[in-house]
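Working notes for the structure below.
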Amino acid sequence: MGLRMIYAGILLALLSGCATNGAGTEGGCAAFRPIYTSRADALTDGTAEQLLAHNLTGAQLCGWAPVR
């Protein structure tokens, strides 16, 4: 009986992390925004790559659109 309860607890913990939509999954998109730069900013190649990766990830996961 004890082993069966452990398996049930593990299964419950794994299934509770599978939410794909709803109020609980919007946290990341609400907490983060795209990073914009100006012409006056001096970026290293590494910083520019990190900004690009951040903005591309946000576009893919949160639907961020480019500013025109």
Side-chain angles (χ1 to χ4, degrees):
M1 180 74 171
L3 191 57
R4 188 175 279 186
M5 292 298 287
I6 291 172
Y7 286 141
I10 291 171
L11 180 62
L12 181 61
L14 291 173
L15 290 176
S16 66
C18 294
T20 58
N21 57 18
T25 60
E26 298 168 353
C29 293
F32 298 101
R33 298 283 181 242
I35 299 172
Y36 301 104
T37 58
S38 71
R39 294 189 190 277
D41 289 331
L43 299 175
T44 64
D45 288 342
T47 302
E49 289 174 6
Q50 290 176 13
L51 288 174
L52 180 61
H54 170 84
N55 289 344
L56 290 175
T57 301
Q60 182 180 22
L61 297 177
C62 301
W64 297 346
V67 176
R68 296 178 186 218

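Values in this document were obtained by computation on a predicted structure and should not be read as measured data.
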| note | Of all heavy-atom pairs linking Phe32 and Trp64, the shortest is O-CZ2, 3.5 Å
Listing, residues 40-47 side-chain donor-acceptor contacts under 3.5 Å, not counting sequence neighbours, or none:
residue : atom : partner : partner atom : Å
Asp41   : OD2  : Ser38   : N            : 2.8
Thr44   : OG1  : Thr47   : N            : 3.1
Thr44   : OG1  : Thr47   : OG1          : 3.0

| note | Apart from Leu52 itself, members of its ILVMFWY cluster (side-chain separation under 4.5 Å) are Leu56
| field | Smallest separation among heavy atoms of Arg33 and His54, with atom names | value | O-NE2, 3.0 Å
